[in-house]
J.: 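My questions all concern the structure below.
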Amino acid sequence: RVPETESGGRIHTSTISVAVMPEVDEDIDIVIEEKDIRIDVMRASGNGGQCVNTTDSAVRLTHYPTGIVVYSQTEKSQLQNKAKAFALLKAKLYDMEQQQRHDAEAELRRSQIGTGDRSEKIRTYNFPQGRVTDHRIGLTIYKLDKVMNGDIQEILDACIAADQAAKLVKMGEN
């Protein structure tokens with residue numbers, strides 16, 4: 001922009017960062033399939049008197065998909081230890097899911113706003129030439145007046161096409 005107070009007619013530039021993020025449903029339902037778990041029962045170790053030596057009350061759960069192993073021997077009953085081990089496993093799986101969602105959201109945010117530095121050119125609005133250039137996808141259109149009035153569908157379509165192409169390339173690499 002060229003401010004009215006600019007006596008030399010120099011163009012002043014500004015920068016902003018905007019991230020549009022989806023709302024995330026925090027209800028994570030942890031379902032543990034029986035085929036994904038190995039349940040081992042054994043005698044508990046340590047203090048506890050004769051009961052420790054005579055009953056298989058300790059429980060170890062192995063979750064095959066993640067490799068998480070949970071062990072519980074604090075209760076006298078095998079059923080109580082099993083329930084406690086399942087609760088521990090669900091808590092660990094919940095934490096893993098939360099971390100994965102957090103990482104995905106952080107990656108999405110990084111991909112949208114980048115660093116936010118002035119040197120990171122995303123889009124240029126050149127008023128004297130009536131030009132809008134999106135530097136990320138190499139799009140230049142001479143419809144600045146329409147864009148400023150909200151007609152941005154051409155830019156959106158080009159950004160969506162570029163995003164889908166990048167996702168296809170990423171899928172091809174995996």
J.: Search all heavy atoms of Ala162 against all heavy atoms of Ile137 and return the closest pair with its distance.
T.: CB-CG2, 3.2 Å

J.: Using only heavy-atom distances, determine whether the side chains of Gln153 and Asp157 contain a donor-acceptor pair under 3.5 Å.
T.: yes

J.: Tell me the closest heavy-atom pair linking Arg123 and Ile155, and the distance in Å.
T.: NH2-CG2, 3.9 Å

J.: Can you tell me how far NZ of Lys82 sits from OG of Ser72, rounded to the nearest 0.5 angstrom?
T.: 12.5 Å

J.: So for atom NE2, which belongs to His135, do other residues, nucleotides or ligands contribute more than 12 heavy atoms lying within a distance under 6.0 Å?
T.: yes

J.: State plainly whether one hydrophobic cluster holds both Leu156 and Tyr142, where clusters connect Ile, Leu, Val, Met, Phe, Trp and Tyr through side-chain heavy atoms under 4.5 angstrom apart.
T.: no

J.: Is Asn149 reaching over with its side chain to a backbone N or O of Asp145, donor-acceptor style, under 3.5 angstrom?
T.: yes

J.: Can you name the nearest heavy-atom pair linking Thr74 to Lys84, along with the distance?
T.: OG1-NZ, 3.0 Å

J.: So which atom in Val70 and which in Ala85 form the shortest heavy-atom distance, rounded to 0.1 Å?
T.: CG1-O, 3.6 Å

J.: Tyr71 and Leu88: which non-hydrogen atoms are nearest, and at how many Å?
T.: O-CD1, 4.4 Å

J.: Could you point out which residue of Ile152, Thr124, Ile141 forms a side-chain contact (heavy atoms from CB on, under 4.5 Å) with Val132?
T.: Ile141

J.: Hey, could you give me the CD/CD1 distance between Gln164 and Ile160, rounded to the nearest 0.5 Å?
T.: 7.0 Å

J.: Between atom CG of Leu93 and atom CD1 of Ile32, what is the distance when rounded to the nearest 0.5 Å?
T.: 5.5 Å

J.: Please assess Tyr94 against Lys90 for the test side-chain contact (heavy atoms from CB on, under 4.5 Å), listing each intermediate value before the final yes or no.
T.: CA-CA 6 Å; Tyr94 179 82; Lys90 281 187 177 186; over 6 Å; no

J.: Looking at CD of Gln100 and CD of Glu97, how far apart are the two atoms once the value is rounded to the nearest 0.5 Å?
T.: 5.5 Å

J.: If you measure from CG on Leu144 to CZ on Arg131, what distance do you get to the nearest 0.5 Å?
T.: 9.5 Å

J.: Show me the donor-acceptor pairs, under 3.5 Å and distance only, between side chains in residues 58-69 and residues at least two apart or in other chains.
T.:
{"from": "Arg60", "atom 1": "NE", "to": "Asp40", "atom 2": "OD2", "distance (Å)": "3.3"}
{"from": "Arg60", "atom 1": "NH2", "to": "Asp40", "atom 2": "OD2", "distance (Å)": "3.1"}
{"from": "His63", "atom 1": "ND1", "to": "Thr66", "atom 2": "OG1", "distance (Å)": "2.7"}
{"from": "Thr66", "atom 1": "OG1", "to": "Ile68", "atom 2": "N", "distance (Å)": "3.4"}

J.: Taking only Lys NZ, Arg NE, NH1 and NH2, and the carboxylate oxygens of Asp or Glu, determine whether Glu105 and Arg101 approach each other closer than 4.0 Å.
T.: no

J.: Keeping the roles fixed (side chain from Asn81, backbone from Ser57), state whether a donor-acceptor pair exists under 3.5 Å.
T.: yes

